[in-house]
Amino acid sequence: MANYIPVEKTKNKMLWENIGISNDFLFGKVMQDAELCKELLQIIFPNIKIKHIKYPELQKVFNPDIDAKSIRLDVYVQDNNEKIYNIEMQMVNTYELPKRTRYYQSIIDLQLVDKGGHYKKLKHSYIIFICPFDLFQKRRHIYTFENFCKEDKNIPLSDGTTKVFLNTKGTLDDVNKSLKEFLDYVENGKPTGTFTNKLDKAVKKAKQNREWRHEYMTLLMRDIENIEKGMEKGMEKALVSMVVKKIIKGKDINTISYELEEDNSKIETIYYTALDFAPDYDIDKICDALLFNPDRH
C-alpha cells in the first residue's frame, strides 16, 4: 500500500505563525487575560453583571473516573456570583455538540458536588461553543438553550444550566454590535471594533511567547502523528475490506495482488489472517489481528 502523504496545505494552516483566535489553543491562552475574558462574557451575556472572574484551573482537565472519558476545557472560569462559564472554540462540526454539552455539564456538576457541595448549592453554569458553522441551520448568530416544561413553556425547570452556541456564519440581526464584531473576527481575523482590536493585540502578543509556541508545536506534532496513524489505519482497513470481498468471490492470493496492485507478501498476510475469521469476516477483528501480529505468516 502506498504511504500516506499528509496534506501540506493543512499543516501550514496549523503552524504557530499562521493560527489566529479561532485556534482553540491560542484562544485558551489569550483568555488567560481576566479582563479580556470578562469582557467577552459580558458581550455574550449583556444582562449579567460581572464584576470580576477567577480561574479555578487554567484549561481545566476533568478526569472523573479511570474508565470514563476525560475532557479538557479551553476556558473554565467563575464570576463574582460563583457562576461557572466554560467557553470552547469549536472549528469542526463533529455533529455531536449538543450531546457533548450534556456530558460536559454532567462532569462539571460532578466535580462541584465532589468538592462537598449540596445539590441545592450548585451554581448556574454556562457552556458556550463558538463555531464557524451554523449547527441548527437557522441563520442565527446565537442559539441559547435552557430547560422548560414541554406542555407549558412559561414553566422553567430552573436547574441552573444554560447552553449557548455562537455561529460566525449568522446573518440575522439578533446580537449586539460587539458580539457581531467578535464573531466576524473569529471568522476572518480582522478586528473592526474596540474589543476585537484589544483581542487582536493580545493574539499578536501571545504569538511572541516562545514557551507557548514550543508547547503548541509539541502538541501539534503529536496530533499530526495521531492523524497520520489514523489515516494509515483507515487505508489499511479499506485494503482489508477489498481483500475480503475478493476472498469471498473465490479469488487466490496472486489474483488479488495483481488486481489490487499490492505486494504479494502483504496480500498473503491479510489473506490468511482473514481466513481465521471466516465465514463472518469481521473487518475490525481482522485489522486488530494484523495490528498485533502483522508478520504471522
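We number each residue from 1, following the sequence as shown.
Closest approach of Ile256 and Lys251 over heavy atoms only: CD1-O, 3.7 Å. Listed here is the closest heavy atom pair of Ile247 and Ala274: CD1-CB, 3.9 Å. In plain terms, the two heavy atoms of Gln32 and Trp212 that are nearest each other are OE1-CZ2, 3.9 Å. When all heavy atoms are compared, the tightest approach of Asp109 to Leu122 is O-CD2, 4.1 Å. When all heavy atoms are compared, the tightest approach of Tyr55 to Cys37 is OH-CB, 3.6 Å. Between Phe195 and Leu36, the shortest heavy-atom contact is CE1-O, 3.6 Å.
Of the N and O atoms on the side chains of Gln105 and Thr161, not one donor lies less than 3.5 Å from an acceptor on the other residue. Using modelled atom types and a 3.5 Å distance limit, the side chains of Gln208 and Arg213 yield no donor-acceptor pair. Side-chain contact, Thr255 with Asp252: a donor N or O sits under 3.5 Å from an acceptor N or O. With no hydrogens or angles considered, a side-chain donor-acceptor pair links Tyr185 and Asp200 at under 3.5 Å.
At distances below 3.5 Å, not a single donor-acceptor pair connects side-chain atoms of Asp134 with backbone N or O atoms of Lys169. The main-chain N or O of Tyr95 is found under 3.5 Å from a side-chain atom of Asn93 such that the two form a donor-acceptor pair. Looking at Asn176, its side chain does come within 3.5 Å of a backbone N or O of Ile43 through a donor-acceptor pair. At distances below 3.5 Å, at least one donor-acceptor pair connects side-chain atoms of Asp152 with backbone N or O atoms of Asn154. At least one donor-acceptor pair closer than 3.5 Å links the side chain of Asn80 to the backbone N or O of His52. In terms of modelled atom types and a separation under 3.5 Å, the side chain of Ser241 and the main chain of Lys237 share no donor-acceptor contact. At distances below 3.5 Å, at least one donor-acceptor pair connects side-chain atoms of Asp74 with backbone N or O atoms of Met89. A side-chain donor-acceptor contact under 3.5 Å links Lys207 to the backbone of Ile19. At distances below 3.5 Å, at least one donor-acceptor pair connects side-chain atoms of Gln90 with backbone N or O atoms of Val92. In this structure, His141 contributes its side chain and Thr168 its backbone to no donor-acceptor pair below 3.5 Å.
Note on Val203: it clusters hydrophobically with Met217, by side-chain heavy-atom contacts below 4.5 Å among ILVMFWY residues. Tracing side-chain contacts under 4.5 Å through hydrophobic residues (I, L, V, M, F, W, Y), one never reaches Phe148 starting from Ile142; they form parts of separate clusters. In the hydrophobic clustering of ILVMFWY residues, with side-chain heavy atoms under 4.5 Å counting as a link, Leu239 and Ile248 come out together. Under a hydrophobic clustering in which Ile, Leu, Val, Met, Phe, Trp and Tyr are joined whenever their side-chain heavy atoms come within less than 4.5 Å, directly or via other members, Ile130 and Leu172 fall into different clusters.
Rounding to the nearest 0.5 Å gives a distance of 12.0 Å between NE2 of His124 and CG of Asn81. The structure places CZ of Phe277 at 6.5 Å from CD1 of Ile286, a figure rounded to the nearest 0.5 Å. The distance from the CG atom of Asn86 to the OG atom of Ser125 is 9.0 Å, given to the nearest 0.5 Å. In this structure, CD on Glu187 lies 8.5 Å from CG on Asn167, to the nearest 0.5 angstrom. Atom CG of Asp79 and atom CD1 of Ile48 lie 7.5 Å apart (nearest 0.5 Å). Separation of atoms NZ (Lys138) and OG1 (Thr171) is listed at 12.5 Å; rounding is to 0.5 Å.
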Open item on the list: Under the criterion side chain to side chain contact (heavy atoms under 4.5 Å, CB included), I'd like the reasoning laid out for Leu260 against Met242: C-alpha separation, chi angles, the key distance, then a yes or no.
Closed with: CA-CA 8 Å; Leu260 296 180; Met242 288 188 288; 4.1 Å; yes
**Message:** Pair Gln78, Lys54 - check side chain to side chain contact (heavy atoms under 4.5 Å, CB included), show working.
**Reply:** CA-CA 5 Å; Gln78 185 174 325; Lys54 58 183 178 180; 3.5 Å; yes
Pair Asp184, Lys190 - check side chain to side chain contact (heavy atoms under 4.5 Å, CB included), show working. CA-CA 7 Å; Asp184 287 343; Lys190 298 177 182 178; over 6 Å; no
Practice item. For Ile21 and Leu26, run side chain to side chain contact (heavy atoms under 4.5 Å, CB included): C-alpha distance rounded to whole Å, both residues' side-chain angles, the deciding distance at 0.1 Å, then the answer. Key: CA-CA 6 Å; Ile21 195 66; Leu26 188 58; 5.6 Å; no
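Within the 4.5 Å cutoff, the side chain of Tyr216 has heavy atoms near those of the Asn23 side chain. In this structure, Thr273 and Glu268 have side chains that are not in contact, with every pair of non-hydrogen atoms separated by 4.5 Å or more. Counting heavy atoms from C-beta outward, Val164 and Phe145 have side chains that stay 4.5 Å or more apart. Residues Val175 and Arg140 are not in side-chain contact: their nearest non-hydrogen atoms beyond the backbone lie 4.5 Å or more apart. Side-chain contact between Phe129 and Tyr104 is present, with heavy atoms from C-beta onward closer than 4.5 Å. For the pair Leu166/Ile128, a side-chain contact is recorded, criterion being any heavy-atom separation below 4.5 Å from C-beta on. The shortest distance between side-chain heavy atoms of Pro156 and Glu146 does not fall below 4.5 Å. The shortest distance between side-chain heavy atoms of Lys180 and Leu183 does not fall below 4.5 Å.
Remark: Glu17 CD is packed, more than 12 non-hydrogen atoms of other residues, nucleotides or ligands lying under 6.0 Å away. Atom CD of Glu211 is surrounded by 12 or fewer heavy atoms from other residues, nucleotides or ligands within 6.0 Å. The 12-atom threshold is exceeded at CZ of Phe133, counting heavy atoms of other residues, nucleotides or ligands nearer than 6.0 Å.
Look at Glu262 and Lys266 and you find no salt bridge, because none of the NZ, NE, NH1 or NH2 atoms lies under 4.0 Å from a carboxylate O. Between Lys38 and Glu35 there is a salt bridge, since a side-chain N of the basic residue sits under 4.0 Å from a carboxylate O of the acidic one. The pair Lys198-Glu39 meets the salt-bridge criterion, since a charged nitrogen lies less than 4.0 angstrom from a carboxylate oxygen.
Relative orientation of the Phe45 and Tyr126 rings is tilted, given thresholds of 30° and 60° on the angle between their planes.
Results of the salt bridge (charged side-chain N to carboxylate O under 4.0 Å, His left out) test with Glu259 over Lys245, Lys249, Lys246 single out Lys246 as the only residue that passes.
Aromatic ring centres of Phe165 and Phe136: separated by under 6.0 Å.
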